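Here the structure comes first, spelled out in structure tokens, and everything after it is commentary.
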Amino acid sequence: MDMELTKPRLQAKYGPYGGQFIPEVLMPAVQELEQAFLEAHQNAEFQQEFRRLLRDYVGRPTALTYAERLSKKLGGAQIYLKREDLAHTGAHKINNALGQGLLAKRMGKQRIVAETGAGQHGVASATVAALLDMECVVYMGTVDIERQQPNVQRMKLLGAKVHPVESGSRTLKDAVNEAIRDWVANVKDTHYLLGSALGPHPYPSMVREFQSVIGREARVQILEQAGCLPDVCIACVGGGSNAIGLFDAFQNDEAVKLIGVEAAGNGLHTGRHAARFGDQKMGRPGVLQGTYTYLLHDEDGQVMETHSISAGLDYAAVGPEHAYLHDSGRVEYTSADDEGVLDAFQLMASSEGILPALESSHAIAEVIRLAPQMSKDQIILVNVSGRGDKDLDTILKFIGGSL
Ligand SMILES: *Cc1c(COP(=O)(O)O)cnc(C)c1O
């Protein structure tokens, strides 16, 4: 893999979005983090260690798989799967967790705090903490603890402390609040390992840089396998890290259409969803957890309670770069509802022998919608952000009876 030491593209703002909306006490911490990241990113030793572990520990590059049967069944575009489900711990989250873990170590921190929704980021953080011999506390809403039991047990086995969060809707947003509270209180020896391209600067740019390996690999692989760039790239969008990690390498290829898929939950009209761009009434710019971005909230500024069958997409805000890409029109954002997501999961399982995460199944639902409208010489590249083993309880609850 290339080893050029370029200056990272750290942006405090993406158009009007992003920034640092944080309490005064956290300013020194985010400034220290920005400096450390800038320095590490251009440091050959840091980059070598990061790339070595991505290869020898995470198992990168992850495969690009031509989905022959799925493509045939849908009867249109040729479909290629970027297999982040094959990364160690089962999702793309490990790329960012490893990058930030190495950075925290370099900064002399001994303790990591993290938030988690689906549990994937908690598992990735606990894994990296074990690998780098650091203490790890993971904040998790009790609703998510209930629906993601296997991941909770995994984190504990990895030596992390899982801290249940009872406030608010007891999901990801509330876990983030608690993690930030912990960080404020322990900032001297603690790094906040944020799990998506969210939060105050420098997190959105830093997480993008750590996840951009997905798109860099995929671009080389699709050129190798298909001989040309894809017509469309598709990824699900929770906070937006797997999507930005894929899109980044294709942003300047004007002919490549980029599509982000949000969670439509029970349907956009029901108000029970997490479609920040899809809900034209509730989804408007506002400030949440350190950043100015699209956010589901009412006229009084009350943040809406979101719903999705997948814990990883169940969040009221989206990363600020996506807000910018939405307004600029470079990325198109669509949504998939719970029902369509379960259908997509089943079609992928039965036709390709792959159990995708429910989050990733949102992207596949969009593939199912779009591929038949495309011609056989066109190409869709879809990011399978994670594997579905963690979701089996949820999935069986809905479709177990019909098996
Ligand atoms: C966490 C998660 C997501 C959503 O997070 P992004 O930051 O939007 O990528 C998507 N897929 C999987 C498998 C996840 O674990």
Side-chain angles (χ1 to χ4, degrees), residues 62 81-97 100 114-125 127 138 140 144 147-148 150-151 154-155 171-173 175-176 193-199 203-204 206-208 210-215 234-248 260-263 274-277 289 291 293-294 306 308-323 325 331 333 335-336 341 344-345 348 354-365 382-391 394:
T62 57
L81 316 170
K82 180 58 176 163
R83 303 289 306 282
E84 291 303 290
D85 60 310
L86 296 177
H88 180 45
T89 71
H92 68 290
K93 296 269 176 16
I94 191 81
N95 306 324
N96 169 52
Q100 285 194 48
E115 81 296 334
T116 200
Q120 286 303 124
H121 176 57
V123 168
S125 300
T127 299
V138 180
M140 189 169 189
D144 291 335
R147 57 182 168 178
Q148 302 291 339
N151 273 344
R154 229 167 258 148
M155 284 182 257
T171 56
L172 183 57
K173 164 173 70 68
V176 174
L193 210 171
L194 212 169
S196 189
L198 279 166
Y203 282 104
M206 182 173 72
V207 173
R208 191 242 346 254
F210 287 140
Q211 291 291 5
S212 62
V213 64
I214 302 172
I234 302 178
C236 66
V237 182
S241 69
N242 87 87
I244 211 72
L246 177 68
F247 294 167
D248 196 51
V261 188
E262 301 185 286
R276 292 71 41 111
F277 299 124
Q289 290 162 342
T291 192
T293 187
Y294 274 70
T306 52
S308 168
I309 193 169
S310 66
L313 304 186
D314 200 350
Y315 187 64
V318 64
E321 188 168 4
H322 285 286
L325 292 169
V331 179
Y333 294 86
S335 60
V341 164
F345 173 89
M348 182 65 122
I354 295 168
L355 302 180
L358 283 174
E359 291 83 5
S360 322
S361 300
H362 284 71
I364 296 151
V382 59
N383 200 22
V384 181
S385 53
R387 64 173 182 236
D389 306 56
K390 67 181 176 59
D391 297 317
T394 307

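Since this is a predicted model, take the numbers as computed values, not measurements. Indexing begins at 1, ligand by ligand and atom by atom, following the structure's order.
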Considering heavy atoms of the protein only, find what lies nearest to atom 4 (C) of ligand 1 and give residue, atom and distance to 0.1 Å.
G312 O, 3.4 Å

With atoms numbered from 1 as shown, which atoms in ligand 1 lie under 4.0 angstrom from a non-hydrogen atom of G238?
8 (O)

Going by the atom numbers of ligand 1, which of them fall below 4.0 Å from some non-hydrogen atom of S196?
6 (P), 7 (O)

Are S361 and S310 close enough that some pair of their side-chain heavy atoms sits under 4.5 Å apart?
no

Which pair of non-hydrogen atoms, one from A118 and one from E359, has the smallest distance, and what is that distance?
CB-OE2, 3.5 Å

Who's the nearest protein heavy-atom neighbour of atom 6 (P) of ligand 1, and how far?
S241 N, 3.3 Å

Judging by distance only, is a nitrogen or oxygen of G239 under 3.5 angstrom from one on ligand 1?
yes

Looking at every heavy atom in both T116 and M155, which two are closest together, and how far apart are they?
CG2-CE, 4.1 Å

Residues T89 and R387: closest non-hydrogen pair is C-NH2, 4.2 Å

If you measure only the distance, is there a donor-acceptor pair under 3.5 Å linking the side chains of Q211 and N96?
no

Parallel under 30°, tilted from 30 to 60°, perpendicular over 60°: which one fits the rings of H322 and Y333?
perpendicular

Go through ligand 1 atom by atom and flag the ones less than 4.0 Å from a non-hydrogen atom of A357.
13 (C)

One finds that the ligand 1 atoms under 4.0 Å from a non-hydrogen atom of G386 are 13 (C)

Under 3.5 Å between any N/O of Q120 and any N/O of ligand 1: does that happen in this structure?
no

Considering heavy atoms of the protein only, find what lies nearest to atom 12 (C) of ligand 1 and give residue, atom and distance to 0.1 Å.
S385 OG, 3.5 Å

Close approach of H92 to ligand 1, heavy atoms, under 4.0 angstrom
yes

Heavy atom under 4.0 Å from ligand 1: found in K93's side chain, backbone, both, or neither?
side chain

Heavy-atom contact under 4.0 Å between H121 and ligand 1?
no

Look only at the side chain of S360 and the backbone of G386, and say whether a donor-acceptor pair between them is shorter than 3.5 Å.
yes

Please state which option from N96, N242, L313 has its nearest heavy atom closest to atom 9 (O) of ligand 1.
N242

Considering G240, A124, A91, A87, which one's heavy-atom position lies nearest to atom 8 (O) of ligand 1?
G240

Please identify which atoms of ligand 1 are closer than 4.0 Å to at least one heavy atom of C236.
10 (C)

Y315 and Q289: side chain donor to acceptor below 3.5 Å:
yes

Can you see which heavy atom on V318 is nearest to which on G238, and at what distance?
CG2-O, 3.8 Å

Between the side chain of D391 and the main-chain N/O of L358, is any donor-acceptor distance below 3.5 Å?
yes

If you measure every N or O of G195 against every N or O of ligand 1, does any of those distances drop under 3.5 Å?
no

